[in-house]
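Structure record follows, encoded as structure tokens.
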Amino acid sequence: MFRNSYDNDSITYSPTGRLFQVEYALEAIKQGSASVGLVSKTHAVVVALKRSAEELGSYQKKIIRIDDHLGIALAGLAPDARVLSNFMRQQAMSSRMIYNRPIPISRVVSAIGDKAQRNTQTYGRRPYGVGLLVAGFDETGPHLFEFQPSGTVLEYFGAAIGARSQSARTYLERNFDQFPEASLEDLVLHGLRALRDTLAQDKELLAQNTSIGIVGLDTKFTLYDNDDVRGWLEKLGDVGSTRGRRPPEEPEPEATEDAPVTDAPPPEETDTVEPIETDA
Amino acid sequence: MDHMPENWGRPRSDIYGAYNSAIHNAGPTTHTQQPSITGTSVIAIKYNKGVMLAADNLASYGSLARFTDQERLIKVGKETVVGISGDVSDMQYIELLLERLIIEDNYEQDGHNLRAPHIYEYLSRVMYNRRSKVDPLWNAILVAGKKDDGSPFLGYVDLLGVTYSSPTIATGFGAYLAVPLLRKIVSDDGDEKKITEEQARAAIDECMKVLFYRDARSLDKYSVATVTTDGEVKIEQNVRCKDMSWRFAEHIHGYGTQKM
């Protein structure tokens with residue numbers, strides 16, 4: 001029987017040079033619902049899609065404030081994110097206490113990067129099962145970082161993680177040239193449109209399932225949840241996914257008897273993983 | 001014959017086991033209870049484009065003028081100067097801490113550098129932490145540089161962890177002799193905007209002269225540092241007190257070997 005003998009711990013290489021446990025951790029991120037982040041010249045914004053385990057249950061928190069100038073959005077195992085966010089809060093507080101300085105974003109991000117990397121090189125430990133988007137504003141301006149359980153941290157103009165995040169990335173790639181000069185309102189709407197594209201077929205963005213975090217020049221990190229996002233969703237207008245819809249200018253082709261019947265199947269979604277509902 | 005005198009008169013090791021030398025060295029652990037080699041006042045004043053501070057080059061051993069070439073103004077990072085009075089060995093330890101701090105901050109190479117307010121906070125934490133261990137660093141420190149908004153920064157912290165800011169500050173004897181003179185030109189917050197670098201320098205030189213006249217642990221050789229709001233740091237060394245008059249000294253009687 002096939003058995004992978006190189007995934008029993010997170011530090012042993014396979015003969016092909018892979019660390020399977022680390023790759024599984026990266027898969028865990030994709031089980032969680034999507035989070036999207038983007039930056040302009042003045043602001044950094046994160047938006048996230050919340051899920052509830054069942055209809056009568058509450059929604060899992062997706063955006064966590066770390067400090068006045070810093071917050072995170074998560075995808076994957078929420079408890080692991082809580083551990084990381086507590087650590088980041090401690091780092092942020094000691095920077096304020098010892099140096100009277102808000103912690104530089106790049107430094108707190110490399111601190112959690114180092115923490116995650118240690119787990120991939122120490123026997124008996126497991127990688128974090130969560131990806132983070134870290135949005136913050138410091139002396140060097142607004143920043144957006146992506147954190148991965150492998151210890152990788154990279155800075156982005158726009159990034160998306162979690163289930164069906166490829167759709168959001170596609171949106172970001174098509175529109176990122178407008179981000180630097182965008183107003184705060186436009187930036188948030190770009191974020192919401194990207195997030196909207198990650199929705200499952202019959203879902204839409206609602207006040208209950210959408211979170212927005214904003215930080216920037218003269219703007220402390222602010223979290224919009226529930227009733228506070230209603231205004232943003234009204235500005236957005238269409239709250240359902242536009243993925244796979246035809247552009248409005250193309251008229252529906254008339255179905256006629258003589259039309260040639262094609263056997264080709266409809267274009268398939270590349271990202272069809274159905275998320276396990278309990279993961280954030 | 002055992003030729004080591006410290007072994008004489010002790011129980012023989014071959015019979016009673018090795019002598020426990022901890023008994024010989026027994027005693028309470030002790031902390032600094034007084035400074036030994038000391039530097040006197042550090043004085044500082046804000047002016048319209050920065051901060052100026054001065055400290056003389058004397059390191060005294062009690063009343064003995066032991067070292068006459070001690071620099072007590074330290075450049076920390078790119079745009080901060082720290083002036084330290086009090087125990088010189090503790091000052092050298094603080095220099096070490098600050099050097100480490102800057103080196104480690106530079107490792108990151110991320111465009112974030114520690115400036116005066118950050119170094120001031122760090123020093124105040126170190127000083128209060130040590131006083132809380134009842135093992136203080138026996139110093140009074142001035143930190144000069146610029147704030148985040150680009151305006152001049154000047155702060156004081158001492159061996160008790162006491163902190164305050166003011167447009168004119170002096171440590172030690174300077175607090176009594178120099179501050180009243182400095183406050184003649186800068187008395188309230190904001191007054192420093194009306195003072196030029198030349199005026200500030202004249203006031204500093206005058207203060208150092210008065211301190212040399214009146215402070216018996218001072219020297220007529222000193223350093224003057226200026227930190228501008230452009231982030232430029234200049235330390236002028238081996239400045240001498242000028243235009244002094246010691247003629248009054250002839251009339252002083254009762255201290256020396258003079259016959260009354």
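Sequence lines set the chain letters: A, B, ... in the order given, protein chains first and strands last, and positions in each chain run from 1. Below, each value reflects all heavy atoms present in this structure, side chains not excepted, and no hydrogens, waters or symmetry copies.
Shown here is Phe87(A), whose CZ atom has more than 12 heavy atoms of other residues, nucleotides or ligands within 6.0 Å. The 12-atom threshold is not exceeded at CD of Glu232(B), counting heavy atoms of other residues, nucleotides or ligands nearer than 6.0 Å. Summarising the local packing, CD of Gln92(B) is surrounded by more than 12 heavy atoms from other residues, nucleotides or ligands at distances under 6.0 Å. The number of heavy-atom neighbours closer than 6.0 Å to NZ of Lys49(B), taken from other residues, nucleotides and ligands shown, is 12 or below. Within 6.0 Å of atom CZ in Phe176(A), 12 or fewer heavy atoms from other residues, nucleotides or ligands are found, so the atom counts as exposed in its surroundings. Surrounding OH of Tyr123(A) are at most 12 heavy atoms belonging to other residues, nucleotides or ligands under 6.0 Å away. Within a 6.0 Å radius of CZ in Phe20(A), other residues, nucleotides and ligands contribute more than 12 heavy atoms.
Counting only heavy atoms from C-beta outward, the side chains of Ile98(A) and Glu121(B) never approach each other to under 4.5 Å.
Checking side-chain atoms of Arg101(A) against main-chain N and O of Pro117(B) turns up no donor-acceptor pair under 3.5 Å.
Each of Asp105(B), Leu101(B), Ile119(B) was checked for a side-chain contact (heavy atoms from CB on, under 4.5 Å) with Tyr99(A), and the lone residue meeting it is Leu101(B).
The distance from the OG atom of Ser106(A) to the CD atom of Glu108(B) is 7.0 Å, given to the nearest 0.5 Å. A distance of 10.5 Å separates CG in Asn100(A) from OH in Tyr120(B), rounded to the nearest 0.5 Å. With rounding to the nearest 0.5 angstrom, the CZ atom of Arg125(B) is 4.0 Å from the CE atom of Met97(A). In this structure, Ser95(A) OG and His118(B) NE2 are separated by 8.0 Å, a value rounded to the nearest 0.5 Å.
Of the two parts of Leu123(B), neither the backbone nor the side chain holds a non-hydrogen atom closer than 4.5 Å to a non-hydrogen atom of chain A. For Asn113(B), the part lying near chain A is the backbone, with the side chain staying farther off; criterion is any non-hydrogen pair under 4.5 Å. Contacts between Thr140(A) and chain B at a heavy-atom distance below 4.5 Å involve backbone atoms as well as side-chain atoms.
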